[in-house]
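Working notes for the structure below.
If you read the sequence from its start, that first residue is 1, and numbering goes on from there. Order of listing sets the numbers, starting from 1, for every ligand and every atom in it.
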Amino acid sequence: MEKIMEGLNIKKTLHSVKKYIVLSFLCLLLLCIYTGYLSGPQALTTMNHTNFWNHSVSGSRNVTILLWYWPFGYVTSLQGDVCWDLYHIPRCRLVDQHSMFSSADVVVFHNRELIQGIQKLPLDLPRPQGQRWAWLSLESPANNGNLQQYANIFNMTMTYRRNADIILPYGMLVPQETEGQLVEDVTQNKSSLVCWVVSNYQSHHRRSQVYHELLSVVPVKVYGKWTNTNLPSSDLLPTISRCYFYLAFENSVAKDYITEKLWWNAYQGGAVPVVLGPSVSDYKAVAPPNSFIHVDDFASVKDLGRYLVELAKDKKRYSEYFTWRQHWKVKRLVEWRERLCKICVHYDSLPQHRVYSNLMDWVNAN
Ligand SMILES: *[C@@H]1O[C@H](CO)[C@@H](O)[C@H](O)[C@H]1NC(C)=O
Ligand SMILES: *[C@@H]1O[C@H](CO)[C@@H](O)[C@H](O)[C@H]1NC(C)=O
Ligand SMILES: *[C@@H]1O[C@H](CO)[C@@H](O)[C@H](O)[C@H]1NC(C)=O
Ligand SMILES: *[C@@H]1O[C@H](CO)[C@@H](O)[C@H](O)[C@H]1NC(C)=O
């Protein structure tokens, strides 16, 4: 009996809801006709301006991004419409004043200063509804510190990982507008077979073991702090350009962690990168085809060494590692402002509700 009554009640409710919808629709229609009738095209333009039928979250208003403190304390100007002026990204306001907290759509926190205890999260402030807190880091998991304390705090991630909400790679490929000219002889100025620039040498790093094994097969020229042969930054690329191969060995082996060692040192320097870092498929997903040599593609480091020697002798095959340059060029992402503006590009497709309940697990996942 109770069940039947409930059923009837639901029907009644549904009926009145339907009535309500029909009535609201009629009212709205009348309103439109009324305003349209009175003021003609004017009223329609006004409707367009208020974006009445546009369901995008941000619509035509600015999205406000509040950077809670500058990464590494390095402050840059936010004068003017930065995202538009520098990157042609519209409706994006970057601010760094804490007084803007209550009107910010996104508040960004750079991980380094949090884990060092230099900066704190404003956990005492009431979070406005809909505001998102973003966790920002470009470090590998090994250098992010203990993230256990940041469970259930952040709504979005900004990092180099391809599954981040805002993907911030160290570099990326962009198509060449006009077909690029290929260098006639890419081996012209090359005098060293393999080069490596290393400042932070640690014997337990996998890359150190690979280096020593490789050294038993081929000569490797080493530069950097470790060997007391530091290169001024103006000498870096010219030096690398004189090498057939450049060891773009990451200091951490972690999912998607591919840094400027590939994007800048090797590609920009014009040496073929020998890479050690994430999996072959991670590299293939972002780097140009046939542009790099992955350590894991060889049964042994000695095999790799022998391959490099053979390849350097074969000018034609060696040159094929540069053909991608006809169609692609490398763009690096180096400015914090550009990284922040990127939030606005993806703002409307962020999930409506998301909490990183275990940031540590997310960061460490493979
Ligand atoms: C909604 O507004 C955005 C931003 O103004 C615009 O890019 C988009 O094309 C609009 N969509 C529709 C369906 O009008
Ligand atoms: C959006 O922000 C920019 C940069 O701060 C500003 O110049 C512009 O007037 C703002 N537009 C709106 C509609 O608030
Ligand atoms: C070799 O060096 C010369 C002189 O610096 C330069 O003009 C030329 O472009 C270089 N060739 C290549 C392939 O980098
Ligand atoms: C952001 O995270 C907080 C804290 O867990 C949560 O209360 C809030 O609903 C989240 N907001 C969004 C837009 O996901």
Review point. Do any heavy atoms of Q352 fall under 4.0 Å from ligand 4?
Key: yes
Point to revise | Test item: protein heavy atom less than 4.0 Å from atom 7 (O) of ligand 4 | key: no
Report the nearest protein non-hydrogen atom to [atom]: residue, atom name, distance rounded to 0.1 Å.
atom: atom 9 (O) of ligand 4; answer: H353 CE1, 3.0 Å
atom: atom 3 (C) of ligand 4; answer: R127 NH1, 3.5 Å
atom: atom 5 (O) of ligand 4; answer: N152 O, 3.2 Å
atom: atom 11 (N) of ligand 4; answer: N155 ND2, 3.0 Å

**Study point:** Part of V355 with heavy atoms under 4.0 Å of ligand 4, whether side chain, backbone, both or neither
**Key:** side chain
Check your understanding: What part of R354, side chain from CB on, backbone N/CA/C/O, both or neither, has a heavy atom under 4.0 Å from ligand 4?
Key -> backbone
Review point. Taking the six-membered ring where the residue is Trp, are the ring centres of Y267 and W324 under 6.0 Å apart?
Key: yes
Exercise for review: Please say which of W68, Y150, F109, Y356 ends up in a ring-ring contact (aromatic ring centres under 6.0 Å, His included) with W133.
Suggested key: F109
Check your understanding: Should you measure from each heavy atom of D185, which atoms of ligand 3 turn up under 4.0 Å away?
Key -> 13 (C)
Could you tell me if [Y] and [X] have a donor-acceptor pair between their side chains, going purely by distance under 3.5 Å?
X: S191; Y: R242; answer: no
X: T229; Y: T227; answer: yes
X: S208; Y: Q202; answer: no
X: W135; Y: N111; answer: yes

**Study point:** Where R339 and L333 come nearest, the two heavy atoms and their spacing
**Key:** NH2-O, 2.9 Å
Check your understanding: When only distance counts, is R132 in polar contact with ligand 4, meaning an N/O pair under 3.5 Å?
Key -> no
Practice item. Report yes if N189 has an N/O atom closer than 3.5 Å to an N/O atom of ligand 3; otherwise report no. Key: yes
Check your understanding: Hey, does the Lys NZ or Arg CZ of R132 hover above the aromatic six-ring of Y347, less than 6.0 Å from the centre and inside 45° of the axis?
Key -> yes
